[in-house]
Number of protein chains: 2
Amino acid sequence: MVTIYDIAQHANVSAMTVSKVINNTGRISEQTRKRVKKVMEELNYIPNSNARSLVLQQTKILSLLITDITNPFYTSLARGAEDTAKRLGYRLLFGNSDEDYLKEQDYVDMVLSTRVDGVLFAPAGDQSLKNLEKLMAHKIPFVILDRAVPGIESDIVAGDSKEGARKLVDYLIELGHSRIALVNGSLEVSTARLRYQGYAESLKLQGIELDHELIIQKSYRDYKDGEYLNQLLSNPSPPTAIFAANNFLAVGVIRALRERGIRVPEDMSVVCFDDLDLSSALDPFLTVASQPAYLFGAMGMQLLVERIQGNSTPDIRKIILPSDLIIRSSAQALTSEYV
Amino acid sequence: MVTIYDIAQHANVSAMTVSKVINNTGRISEQTRKRVKKVMEELNYIPNSNARSLVLQQTKILSLLITDITNPFYTSLARGAEDTAKRLGYRLLFGNSDEDYLKEQDYVDMVLSTRVDGVLFAPAGDQSLKNLEKLMAHKIPFVILDRAVPGIESDIVAGDSKEGARKLVDYLIELGHSRIALVNGSLEVSTARLRYQGYAESLKLQGIELDHELIIQKSYRDYKDGEYLNQLLSNPSPPTAIFAANNFLAVGVIRALRERGIRVPEDMSVVCFDDLDLSSALDPFLTVASQPAYLFGAMGMQLLVERIQGNSTPDIRKIILPSDLIIRSSAQALTSEYV
DNA sequence: TTGTAGGCGTTATCAT
DNA sequence: ATGATAACGCCTACAA
């Protein structure tokens, strides 16, 4: 491998001079600068950033931890993070936790050994607490994305889950629904709790009693199996609408409904959190509370880098991004016969 | 930061002994091993992989370069790559080229300075040649994904684009279509060329003359604007079916058709390469040639690591993965009135 | 079984 | 304007 010494030798200067040319630091004559640059070209020299990291005590590597790149929400988020990282001169290390805080832990160890300059962290859930604490113990700056973790005070970019849920449920109520089921993520996850709260508040404000029989807990990733629908449907007074707490769950719900011969929205209205991007472009069907996923990543990355580079320690910043109610056709007014 | 020396000191041994404990190398008494491990725990020691990389001359970092993580095809591919990399003990550096070989070049430079052990490379197109050559010049092993690049002989995992295209067009012909348009990617990209060839061959075998007026060139990413449809539709003998060379293009085609009040499949049949995953789960609409995207990533990663770790230099391996014709409802038989 | 010396490629500091 | 030296944290080779 060609090193800085090779360049130095070929250019008849010291390694130090080469280093200065590379980093535009210190004073060197235009003449030698030219000569050195020429040699670097000829020898195809590329500085070894590991060696650099070692002495500089910074890697210019950031890491992005999400639960599943396969979910369009995180996919856009990742894109925002990557674009911004690149723009700011950072490389991006990447990992999926699969909503599993143990996988997350492995990843945190990886990240620590890499000595990344910071982490963009979309936690699996409350159990991520110890993983985050580990990061703190090692003084690795991080910004939390999407899900707050009780016990952790840090910069965060999240959506307004409660408000979004409220909009969705309000909308269903406007359409005349009162038996509204909630297919939710695990309550170990802040967004699921908030979406539940929004759901409950909305019902309460409209004077609709909350029926725990209409509430299902899943993991955000468990969308294949629609078994839980049986519980909902066998209810003496079954729901006429379902609020799915995220896009995956909604897809699962709709598929399961169709398997049972239940049409959406004719027989059952369905709404959810998070959009489906391409799907929605193809077929504007799902009524959703859409979150600006790209911004989550982009702003999170921005905050992270600011914190890393900030000489002072500014106050903790919490950015709450609103969601948009996008009304399409998966929910419809309850026809009088059902009322 | 706590280093190997701190551990050594606290455990009353030399740094070397600690190193041996960490790497399970050389012989050390169970007693000191225990003691050292205990100290490492207490001090929260995590080895610095940069320092390690420097002396070992390997980083245990691989990189994945794709054109757009936002495309479900690459998203699944990325997932396969990540899972496999993790399983094999590698970290993954990540980048989007946006079908732009200049962005790709930036990324290659990044990758070189990181001294990654290898690269999983989904090229933007034929112009990626020089980027690949740069990798070769620096002796960085790589595996090409999805798109072959003329002039480069390397391990590759790709789909059978020609065959897939043929299946799709054969299917359309079976349905009675003969005026079949092709909305293709740039011919600077191997898959676009092969899909064109498959299209042409299929037509020829069925005795249908190829009409260049029915062929559109786009970039695989240009799917927003449906302007090109006008050319197709104003044809004196307009197409009754459209073969879109990838999922993005298909979405663009369908949206543009709908904007013009043209129904799919009633007024126009549409098929394409690559599936839409979640979309298709929600609404099995598009008839596609589906490629095993996850496998592209997983197998590619496997090949890459084998090449990196392989003591010998085995022959170049070319893996061609078949695509599946998935018949749904976006294409239908041509009714007699149009024949 | 354990330790010493030297080096991986770079840069900060301080001379010259 | 340029260079010598030491250091970043770790590991290989060799010695004890």
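First the proteins, then the strands, lettered A, B, ... as listed; each starts at 1.
Here B:Thr25 does not reach the OP1 or OP2 of D:dC11: none of its side-chain N or O atoms lies under 4.0 Å away. The shortest distance between the side-chain N/O atoms of A:Tyr45 and the OP1/OP2 oxygens of C:dT10 is below 4.0 Å. A:Ser53 has no side-chain polar atom (N or O) that falls below the 4.0 Å cut-off from OP1 or OP2 of D:dC8. The side chain of B:Thr32 contributes no N or O atom lying less than 4.0 Å from OP1 or OP2 of C:dT1. Regarding contacts with the backbone of C:dC8, every side-chain N or O of A:Asn48 stays at 4.0 angstrom or more from both OP1 and OP2. Residue B:Gln57 places at least one side-chain N or O closer than 4.0 Å to OP1 or OP2 of C:dG9. For D:dT2, neither phosphate oxygen OP1 nor OP2 lies less than 4.0 angstrom from any side-chain nitrogen or oxygen of A:Arg27. Considering only side-chain N and O atoms, B:Ser19 lies under 4.0 angstrom from the phosphate OP1 or OP2 of D:dC11. When the side-chain nitrogen and oxygen atoms of B:Ser14 are compared with OP1 and OP2 of C:dG3, one or more of them lie within a distance under 4.0 Å.
At a cut-off of 3.5 Å, with distance as the only test, a side-chain donor of B:Glu104 or B:Ser128 sits close to an acceptor on the other residue. Neither side chain, A:Gln58 nor A:Ser53, offers a donor N or O lying under 3.5 Å from an acceptor on the other.
As a whole-Å value, the separation of A:Arg35 CZ from D:dA1 P is 15 Å. The interatomic distance linking B:Ile4 (CD1) with C:dG7 (P) rounds to 19 Å, in whole Å. Atoms CZ (A:Arg115) and P (D:dG9) sit 8 Å apart, rounded to a whole Å. Put simply, CG on A:Leu54 is 14 Å from P on D:dA7, counting in whole angstrom units. Atom pair B:Leu56:CG and D:dA13:C1' shows a separation of 14 Å (rounding to whole Å applied). As a whole-Å value, the separation of B:Ile7 CD1 from D:dG9 P is 12 Å. B:Asn12 places its CG atom 16 Å from the C1' atom of C:dT1, with the value rounded to the nearest Å. Between the C1' atom of C:dT10 and the CG atom of A:Asn50 lies a distance of 11 Å, rounded to the nearest Å.
For the atom pair CZ (A:Arg221) and CG (A:Asn71), the distance works out to 9.5 Å, reported to the nearest 0.5 Å. Atoms CD1 and CG, from A:Ile316 and A:Leu303 in turn, are 11.5 Å apart once rounded to the nearest 0.5 Å.
Ring centroid separation for the pair B:Phe73 and B:Phe296 comes in under the 6.0 Å cut-off.
When the nucleotides D:dC10, C:dG9, D:dA1 are ranked by their closest atom to the side chain of A:Val55, C:dG9 comes out on top. When the nucleotides C:dG9, C:dT1, C:dT10 are ranked by their closest atom to the side chain of B:Ser29, C:dT1 comes out on top. Among the nucleotides D:dC10, C:dA5, C:dT11, the one closest to the side chain of B:Met16 is C:dA5.
Of the possible polar contacts, one joining the A:Asp6 side chain to the A:Thr3 backbone as a donor-acceptor pair under 3.5 Å is found.
Counting non-hydrogen atoms under 4.0 angstrom, B:Ile22 reaches nothing in the nucleic acid.
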